[in-house]
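Shown next, in C-alpha cells, is the structure this report addresses.
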Amino acid sequence: MGCFPCSGDGDTSIKKPERKIIHTNNQYKRVNHQPQPKQDTLVASQFKFVKNEEAKDANRSTSRKEGDYSNNTPPTDGKTGGAKARRFKFDELVAATDSFKEDYFLGEGGFGKVYKGHLLDTGEIVAIKQLDPYGCQGVREFVVEVQTLSKADHPNLVKLIGCCAEGVQRLLVYEYMPLGSLEDHLYDPWPNQKPLDWNTRMKIAAGAARGLEYLHDKMKPPIIYRDLKCSNILLDEGYHPKLSDFGLAKVGPSGDKTHVSTRVMGTYGYCAPDYAMTGQLTFKSDIYSFGVVLLEIITGRRAIDYTKSVAEQNLVAWARPLFKDRKKFYKMADPALEGQYPIRSLYQALAIAAMCVQEQPNMRPPIVDIVTALNYLASQKYDPETEPPVRKSTKSQSFHKSKTDEKSW
C-alpha cells in the first residue's frame, strides 16, 4: 500500500516515488507524494449525470473518534465475511508458506511482503502479508486493517481470514485473489494475456464503486477508504473486483462535522487536491480517487507516468482540457481497446469520471449516484459483432450520434 505522509500544518515530507519490486499475481505498488501540477478548472455543466432520486443519505452518526487505536493487539473475535477472524500462530503461517519460501512470494509494498500460502488444517489457499518493522507503515495500520475488515461483510471487499500478533511478528491472512490486481491487467499484463475488454472494465468499475458505497453508506461507523487506487483493487475469478488494503482507512465525520482533520496520507496522483492542501478528509476525497481510477480504466494511462511528456504526466491534468470537447473523446479511449467500445457508453463513463475529479469537493457526486450510473453502464453489454469498432475515420459521425443519445441518458 503506497503512502505519502505529511506532518504539521501544510509541511509535506516529500519522498521520491519507488518502483514496483516484482510483477506478480498480487501487486502492491508504493508511490510517494510529490507536488501536484496546476490543473485547469473543469466546466462541469457540459455533462449530465444519472441520479437516483429515491436514494437516501445513510445515517452517519457515530460516537467513536477515528484514530483511537491505543491497543496494539487486534481483536480476535470479529466477524469477517460471516465467519470469525482466526487468530493464527506464527508457526502455522511459517508452515503455510514453507518458511516464507521465495517461490511463494507475491509482491511487496509499504506494509511488507506478501506470500501465497496453503493452510494445512483447512487446505485453503490464502494471501499472507507480513509487516516489515522497518517499512513506512506500522502497528497502527495493522490494527486499523483488522478492525475495519472485522466489521465488514461485502462481496466487493477482500475478506480477512485472520491475523497473527506474536512477539514482534504482525501478519494478516486474506482470501487469495487469483487474478492479481487491476494494475496488473491495465499496465503489466501477463504473457499472452489479452487486454481487458470494455465490458470487463465497466464490470470492474461498477464493483469497485459498490465496495466504496458499502464503506461510505452502509458501514457503522462509516469509513473513508483514503487509499483507492488500481493496485488496491484485486480481482477474483471472473474479474470480480474487491477493494483491499485498509491500513489508511479513517472513521468519517459525524454529526454536524463536515470533515476529519488528519495527516495527509495516500498515493500521489489519486489524492484529492483539497485534502492534500488542507488535511481536511471527507467522503468526497474518496470520490476524487475513484474518478482517477475510472479514468485509468477508460484510458489505460497511469495516474502519474513520468515516462510521458510533462504535459501528460498527470492523468487528470491531461484529461481536463479533453473533457471540454466531446469531439476529442476518442483520444481518451485506451488504444488497447482497438476501438471496440460503445461510443455512447464511453461518453457516459467519461462524464462520471469528470464529475468525480472536480476540484471543488461539493461538486463531486455522492457514491450512490456513481453506483447507479456504473451499474447501468455495466448492464449495457457491448457486442463487437453487432457494433463495429470505432475508427478515427468515423469518429465525427459517432460523436454526432453520442450527442443525440446523451439527451436520453
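Position 1 is the first residue of the sequence; numbering continues from there.
Tyr115 and Phe100 have their aromatic ring centers within a separation under 6.0 angstrom.
Look at Arg86 and Glu124 and you find no salt bridge, because none of the NZ, NE, NH1 or NH2 atoms lies under 4.0 Å from a carboxylate O. Lys229 has no carboxylate O lying under 4.0 Å from a charged side-chain N of Asp245, or vice versa, which leaves the two without a salt bridge. Between Asp274 and Lys284, no side-chain nitrogen of the basic residue sits less than 4.0 Å from a carboxylate oxygen of the acidic one, so the salt-bridge criterion is not met.
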task: Show your working on side chain to side chain contact (heavy atoms under 4.5 Å, CB included) between Glu102 and Phe105 and close with a plain yes or no.
output: CA-CA 5 Å; Glu102 190 67 22; Phe105 181 68; 4.1 Å; yes
- request: Quick one: do Leu234 and Tyr174 satisfy side chain to side chain contact (heavy atoms under 4.5 Å, CB included)? Show the steps, please.
  value: CA-CA 12 Å; Leu234 303 184; Tyr174 303 92; over 6 Å; no
message: Apply side chain to side chain contact (heavy atoms under 4.5 Å, CB included) to residues Tyr270 and Leu228 and explain how you reach the verdict.
response: CA-CA 7 Å; Tyr270 296 92; Leu228 181 58; over 6 Å; no
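Atom CG of Leu186 sits about 7.5 Å away from atom CG of Asp334, to the nearest 0.5 Å. Annotation: the span from Leu281 atom CG to Ile224 atom CD1 amounts to 4.0 Å, rounded to 0.5 Å. Remark: Ile125 CD1 to Tyr176 OH distance equals 8.5 Å, nearest 0.5 Å. The structure places NZ of Lys129 at 15.0 Å from CZ of Arg170, a figure rounded to the nearest 0.5 Å. Separating the CG atom in Leu212 from the CG atom in Asp286 is a distance of 5.0 Å, to the nearest 0.5 Å. Summarising the geometry, atom SG belonging to Cys230 is positioned 3.5 Å from atom CD belonging to Glu296; distances are rounded to the nearest 0.5 Å.
Ala209 pairs by the side chain to side chain contact (heavy atoms under 4.5 Å, CB included) definition with Phe290, Ile367, Ile370, Val371, Leu374, not counting sequence neighbours. Applying the side chain to side chain contact (heavy atoms under 4.5 Å, CB included) rule to Glu387 yields the partners Pro342, Tyr382; only residues at least two apart in sequence or on another chain are considered.
No more than 12 heavy atoms of other residues, nucleotides or ligands sit less than 6.0 Å from atom CD of Gln360.
Side-chain N or O atoms of Lys381 include one that pairs as donor or acceptor with a backbone N or O of Ala378 at under 3.5 Å. Looking only at distances, a side-chain donor or acceptor of Asp184 sits under 3.5 Å from a matching main-chain atom of Ser181. Side chain of Asp98 to main chain of Lys101: no donor-acceptor pair is present (N/O by atom type, distance under 3.5 Å, no hydrogens or angles). Checking side-chain atoms of Glu145 against main-chain N and O of Phe246 turns up a donor-acceptor pair under 3.5 Å. Using a distance-only test at 3.5 Å, with no hydrogens or angles considered, a donor-acceptor pair links the side chain of His185 to the main chain of Leu179. Judged purely by atom type and a 3.5 angstrom limit, Glu312 has no side-chain atom pairing as donor or acceptor with the backbone of Trp318. Using modelled atom types, one side-chain atom of Tyr275 and one backbone atom of Met265 make a donor-acceptor pair closer than 3.5 Å. Counting only distance, with no hydrogens or angles, the side chain of Arg226 and the backbone of Lys250 share no donor-acceptor pair below 3.5 Å.
With contacts defined as side-chain heavy-atom distances shorter than 4.5 Å, the pair Leu295/Leu350 qualifies. Between Ile304 and Tyr268, some side-chain heavy-atom pair lies under the 4.5 Å cut-off. You'll find the side chain of Gln340 reaches within 4.5 Å of the side chain of Pro389, heavy atoms only. No side-chain heavy atom of Val390 sits less than 4.5 Å from a side-chain heavy atom of Leu346. Cys163 is listed as a side-chain neighbour of Phe142, based on a closest heavy-atom distance under 4.5 Å. Put simply, the side chain of Gln313 does not reach to within 4.5 Å of the side chain of Asp305, judged on heavy atoms.
Heavy-atom minimum distance, Ala353 versus Gly291: CB-O, 4.1 Å. Here the closest heavy-atom approach between residue Ala319 and residue Met332 is recorded as CB-CE, 3.7 Å. For the pair Ile233 and Pro241, the tightest heavy-atom approach, listed with the atom from each and the gap, is CG2-CB, 3.9 Å. Considering all non-hydrogen atoms of both residues, His240 and Pro155 come closest at NE2-O, 2.8 Å. Contact detail for Leu377 and Gln348: the closest heavy-atom pair is CD2-OE1, 2.9 Å. For the residue pair Ala205 and Leu294, the shortest heavy atom distance occurs at CB-CD1, 3.9 Å.
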